[in-house]
4 protein chains.
Amino acid sequence: MAKKRGLKYDKIIDAAVKVIAQNGYHHSQVSKIAKEAGVADGTIYLYFKNKEDILISLFEEKMGQFVDYIKHKLEGVTSDEEKLAILINMHLAQLEKDHNLALVTQLELRQSNISIRFKVNEVLKGYLGLIDSIIEQGKENGSFDEAIDTRMMRQVIFGSIDEVVTNWVMKDHRYELAPLAEPLHAFLMKGMISPKRLEEKR
Amino acid sequence: MAKKRGLKYDKIIDAAVKVIAQNGYHHSQVSKIAKEAGVADGTIYLYFKNKEDILISLFEEKMGQFVDYIKHKLEGVTSDEEKLAILINMHLAQLEKDHNLALVTQLELRQSNISIRFKVNEVLKGYLGLIDSIIEQGKENGSFDEAIDTRMMRQVIFGSIDEVVTNWVMKDHRYELAPLAEPLHAFLMKGMISPKRLEEKR
Amino acid sequence: MAKKRGLKYDKIIDAAVKVIAQNGYHHSQVSKIAKEAGVADGTIYLYFKNKEDILISLFEEKMGQFVDYIKHKLEGVTSDEEKLAILINMHLAQLEKDHNLALVTQLELRQSNISIRFKVNEVLKGYLGLIDSIIEQGKENGSFDEAIDTRMMRQVIFGSIDEVVTNWVMKDHRYELAPLAEPLHAFLMKGMISPKRLEEKR
Amino acid sequence: MAKKRGLKYDKIIDAAVKVIAQNGYHHSQVSKIAKEAGVADGTIYLYFKNKEDILISLFEEKMGQFVDYIKHKLEGVTSDEEKLAILINMHLAQLEKDHNLALVTQLELRQSNISIRFKVNEVLKGYLGLIDSIIEQGKENGSFDEAIDTRMMRQVIFGSIDEVVTNWVMKDHRYELAPLAEPLHAFLMKGMISPKRLEEKR
DNA sequence: GATGAATGAGCTTTCATTCAT
DNA sequence: CATGAATGAAAGCTCATTCAT
């Protein structure tokens with residue numbers, strides 16, 4: 001029933017990001033999104049099951065691109081430390097490039113009800129899995145401290161980045177975000193680096 | 001008009017925590033909270049300006065107690081490292097003690113609209129300021145690395161703790177939370193400790 | 001939740017009969033009924049579960065009065081033949097007195113969906129049971145032919161009266177209805193009278 | 001514009017009967033009927049003016065066949081009493097043979113709005129006229145009581161049969177319908193038979 | 001202070017119908 | 001003839017807030 005492809009599908013997704021960023025989730029009526037997309041209200045329902053589905057699809061779509069892009073950037077990189085650096089950098093850079101998207105993912109998407117939150121988390125798993133795999137590989141390669149619990153390390157990494165971005169959004173994007181990647185990476189590395197590798201560095 | 005004190009004031013706050021935790025934010029009508037509190041719908045408006053005000057007051061009230069309690073625990077503690085350990089420990093322990101409150105602060109409160117988010121952030125500033133002061137003092141005392149930006153360090157600390165708690169809540173409190181304080185503290189300390197102090201440790 | 005009594009309850013029922021008779025069921029918006037009743041839209045939902053519930057309650061209310069009234073008229077009547085005469089007469093006379101109600105029961109109420117039809121039938125059972133008891137008693141008393149199946153006889157009686165009323169409604173009440181009671185009764189009696197009683201009559 | 005003939009015309013009519021019987025009138029969207037008929041939504045509008053027109057045409061078509069078939073069966077029958085017996089029998093037997101059609105004519109068709117009801121009644125006139133002509137002829141031939149009003153007699157006949165069928169449909173076709181024709185006919189005849197003929201019978 | 005009946009604004013979704021291809 | 005993607009009007013119901021008692 002709901003077609004997940006087509007020119008209008010993309011138009012509606014983009015309209016939704018814009019309208020929700022501008023008006024907030026609770027004031028983004030379907031009719032407003034339709035108008036912005038240049039389609040009739042009913043057309044929305046040819047492409048999406050309901051209003052919730054717009055939100056989830058929006059996140060799936062953008063998050064998918066996001067993860068794919070980062071994976072692409074990581075290809076060929078051998079240093080585990082650098083991998084983490086690239087991930088943090090891309091995360092901040094991508095959201096800095098699209099203020100509206102940042103607003104939606106950091107604030108509006110979290111206003112939705114819990115059933116959406118769970119679906120969002122499902123989508124997020126792809127990204128969290130990516131972080132996990134970087135950590136695991138680093139531990140195997142002897143780059144990262146084997147003693148550290150992967151889940152905890154991932155929570156610190158994702159929680160830190162997320163908090164940094166949210167603070168930036170709530171401060172109205174008044175400062176540059178990407179430059180915060182380097183010190184954040186440096187800080188995290190001090191906690192993650194394996195004792196042996198630390199020794200070598202001296 | 002809205003009195004911020006009284007027996008019924010407290011009853012309503014506690015009813016709100018319970019009702020929101022049980023039913024979710026979007027299904028917590030004012031009438032339901034009134035019923036749980038054992039007062040009439042209209043009575044709510046003698047103590048709170050509107051529904052938003054219940055939420056914000058709830059957070060102010062609980063967060064205030066939370067911060068006061070941690071401040072109290074920190075009194076007399078001289079080691080900066082230990083201060084941070086206590087803060088993390090208290091944070092996790094307090095929320096583990098009250099599942100309902102954890103549900104409300106980690107998930108439900110964030111579903112409200114942005115104007116509430118900003119007011120909640122205002123309340124949160126007291127707690128974030130506490131973290132900042134621990135960091136600053138630690139830097140002054142030579143316990144923490146002076147080179148690290150205080151804001152970033154606070155974002156990492158708060159973001160990490162918050163992510164750890166949210167994961168625990170979304171996993172239905174299926175594991176113990178407080179034991180996660182120690183490894184988290186250890187991890188963070190590796191990134192924060194001053195080079196000089198690190199040297200001494202060897 | 002839905003209060004089945006009160007001044008406004010009656011006002012809404014009466015408004016519904018009027019509005020539905022005038023506009024037809026599908027063009028009788030809840031807001032229109034509320035306006036006619038002189039209450040707010042939301043007030044409707046303090047007294048009725050939903051729009052369907054107005055219809056069913058309307059029928060319950062009116063049918064209840066209808067059956068009670070006929071039962072009252074039958075009190076003290078001993079002749080089974082006369083009982084049937086009174087029932088037919090009352091049925092036609094009552095509906096003739098209230099054109100709007102006749103319109104609603106004969107046409108509009110049957111436009112509703114099947115779930116309503118079944119509930120309406122449930123309410124109707126009280127009336128059909130009354131007819132059944134007249135038949136049974138007549139058979140016991142030797143007034144009516146024992147050989148005739150009660151259910152079939154009731155279907156003929158009710159079906160005939162109903163068809164007569166519906167024809168009158170669809171002909172815009174352009175002729176008098178009550179006078180049709182006598183010939184209808186006479187006709188039905190010829191089929192129902194017991195052979196023995198018939199013999200006596202000669 | 002709307003062609004009343006063609007292969008697809010019949011396909012759509014039959015699809016409508018099936019879909020309405022299965023899903024109920026209010027859940028029988030044009031698109032569903034189109035799908036069942038194996039044509040595009042738009043094609044419906046090449047054969048029918050609008051949705052109402054499908055319903056009316058359906059009834060015209062089926063009712064026409066129905067009346068033709070009964071007329072055919074009545075050919076050559078000379079006894080007026082037997083004519084009525086055949087009519088009742090055919091009426092019940094035809095609907096018993098097609099449960100879907102019975103569902104549609106007895107319940108679903110009556111859920112449509114009043115303008116349809118009037119058009120349906122127009123179509124019904126052919127059948128009612130047939131009943132009328134049997135009555136009139138019977139009165140002329142001295143078989144039926146001349147004193148009885150033809151319209152009333154027809155209302156009793158049609159009302160009774162209709163009620164019998166509706167009861168059967170609402171009881172989910174749980175018993176056999178055709179066997180009810182004989183007692184119904186016998187009952188009606190007792191009221192209709194002319195006094196003179198009755199005398200002869202003794 | 002306390003009550004709770006009443007208010008009425010606000011929005012998602014369906015589906016008959018059209019028309020460019 | 002046939003298609004089916006697109007249209008857009010239309011309405012039931014909820015719930016925060018008020019105010020007469």
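We name chains A, B, ... by the order of the sequence lines, and we start the count at 1 in each one.
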Check: Tell me: CD1 of C:Ile44 to P of F:dC15, nearest whole Å?
Finding: 18 Å

Notebook entry, point to check: For the pair made of OH in A:Tyr9 and C1' in F:dA6, what is the distance, rounded to whole Å?
Noted result: 19 Å

Check: Which residue pairs pass the side-chain hydrogen bond (donor to acceptor under 3.5 Å, both in side chains) test when at least one of the two sits in residues 32-41 of chain B, sequence neighbours left out?
Finding: B:Lys18-B:Glu36

Note to self: Please list all pairs meeting salt bridge (charged side-chain N to carboxylate O under 4.0 Å, His left out) that have one or both residues in residues 19-28 of chain A, counting only residues at least two apart or in different chains.
What the structure shows: none

Note to self: Can you measure B:Ile20 atom CD1 to F:dA16 atom P for me and round it to whole angstrom units?
What the structure shows: 11 Å

Next item on the list: Applying salt bridge (Lys or Arg N to Asp or Glu O under 4.0 Å), name anything that partners B:Arg117, two or more places apart in sequence or on another chain.
Entry: none

Notebook entry, point to check: Once you round it to whole Å, what is the distance between C1' of E:dG1 and CG of B:Leu7?
Noted result: 13 Å

Note to self: Measure NZ/B:Lys35 against C1'/E:dT3 and give the value in whole Å, please.
What the structure shows: 15 Å

Check: How would you list, by chain and number, every residue that makes a ring-ring contact (aromatic ring centres under 6.0 Å, His included) with A:His99, sequence neighbours excluded?
Finding: A:Trp168, A:His173

Note to self: Which residues pass the salt bridge (Lys or Arg N to Asp or Glu O under 4.0 Å) test with D:Lys11, not counting sequence neighbours?
What the structure shows: none

Next item on the list: Summarise protein proximity over nucleotides 12-21 of chain E in one line of letters, 5' to 3': B for base, S for sugar-phosphate only, - for none, counting protein heavy atoms closer than 4.0 Å.
Entry: SBBSSBB---

Note to self: What is the distance, to the nearest angstrom, from the CZ atom on C:Phe48 to the P atom on F:dT14?
What the structure shows: 15 Å

Next item on the list: Could you check which of F:dA2, F:dT7, E:dA2 has an atom nearest any side-chain atom of D:Tyr47?
Entry: F:dA2

Check: When the distance from CG of B:Asp53 to P of F:dA16 is rounded to whole Å, what number comes out?
Finding: 14 Å

Margin query: Suppose we screen for ring-ring contact (aromatic ring centres under 6.0 Å, His included). Which residues come up paired with D:Phe59, at least two apart in sequence or across chains?
Written below: none

Item checked: Pairwise distance OG1(A:Thr105) to NZ(A:Lys62) - rounded to 0.5 angstrom -> 11.5 Å

Margin query: Could you write out DNA chain F as dot-bracket? Rules: Watson-Crick or G-U wobble, both distances under 3.5 Å, brackets [ ] for crossings, | for pairs with another strand, dot for unpaired.
Written below: .||||||||||||||||||||

Note to self: Could you measure the distance from the CD1 atom of D:Ile12 to the CD1 atom of D:Ile44? Nearest 0.5 Å is fine.
What the structure shows: 4.0 Å

Next item on the list: Let me know the distance between CD1 of A:Ile12 and C1' of F:dT7, rounded to the nearest Å.
Entry: 13 Å

Next item on the list: Determine: side-chain N/O of B:Lys8 to OP1/OP2 of E:dA2, distance under 4.0 Å, yes or no.
Entry: yes

Next item on the list: Please name all residues satisfying side chain to side chain contact (heavy atoms under 4.5 Å, CB included) with C:Glu122, sequence neighbours left out, ordered by chain then number.
Entry: C:Lys125

